[in-house]
Amino acid sequence: MGSEARYWLVKSEPDTYSFDELVADGGAVWDGVRNNTAALNLRGMRVGDEVLFYHSGSGPAVVGLARVTREAFPDPGDASGRFVAVEIAPVKPLARPVTLSEIKARPDLAEMKIVRQSRLSVSPVTPTEWKTILGLGSVG
DNA sequence: GCCAACGTTGGC
DNA sequence: GCCAACGTTGGC
């Protein structure tokens, strides 16, 4: 792990917490993650890292961009002390959502963690994947 | 609503 | 420590 820019993807059910709600709130504590792999990724986040915000459920798609505003701290809702939370703030919505089916259809995105392990709620994104997603979403 | 993937739990 | 059973997530 060097000091290069890092990119991540976080997943949320829009019925539970949507990108629009993140925008309305101006930021959010990203807590409640109870998976060790996802927690490891949360611990890797640094302030300023950029985040793809993905809606799971019906019409799964990357819908917006966010930024890490606070690094990992103990999840207040976790009595075990094993899990952590971060804080993120909205940057902007994608001009158009990039759907999971589009991602799957592209050979250069087929290795994305979201494709390979659909249940992982926090995952790293490579710089190449990041640029490709932003291109598809007409951002940048 | 169904099913696959995968994490967790608990009996042994 | 192994593994079967079970629960949850998420795509379709």
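We use all heavy atoms of the structure for the numbers below, so side chains are in, but hydrogens, waters and symmetry mates are not.
To the nearest 0.5 Å, atom CD of residue A:E50 and atom CH2 of residue A:W130 are 4.5 Å apart. The CD atom of A:E13 sits 9.5 Å away from atom NE2 of A:H55, with the distance rounded to the nearest 0.5 Å.
Less than 4.0 Å separates DNA chain C from at least one heavy atom of each of the following residues of residues 51-59 of chain A: A:Y54, A:S56, A:G57. Interface residues of residues 102-125 of chain A facing DNA chain C, ordered by number: A:K104, A:S118, A:R119; criterion, heavy-atom separation under 4.0 Å.
Relative ring orientation between A:Y17 and A:W30 is described as perpendicular, the plane-to-plane angle rising above 60° on a 0-90° scale split at 30° and 60°.
One hydrophobic cluster holds both A:V84 and A:V51 under the rule that ILVMFWY side chains link at heavy-atom gaps under 4.5 Å. Grouping the Ile, Leu, Val, Met, Phe, Trp and Tyr side chains by contacts below 4.5 angstrom, directly or via other members, places A:Y7 apart from A:V122.
Between A:R67 and A:E87 there is no salt bridge, since no side-chain N of the basic residue sits under 4.0 Å from a carboxylate O of the acidic one.
To the nearest angstrom, C1' of C:dT9 lies 16 Å from CZ of A:R34. For the pair A:N36 CG and B:dT9 C1', the interatomic distance rounds to 14 Å; values are reported in whole Å. What separates CG of A:N35 from P of C:dG7 is a distance of 19 Å, to the nearest Å. At whole-Å resolution of the value, CG in A:L40 and C1' in B:dG7 are 16 Å apart.
Among residue pairs with one or both ends in residues 114-127 of chain A, those qualifying as side-chain hydrogen bond (donor to acceptor under 3.5 Å, both in side chains) are A:E111-A:R116, A:T126-A:E129; sequence neighbours excluded.
Scanning both residues, A:A38 and A:L120, for their nearest heavy atoms gives N-CD1, 3.7 Å.
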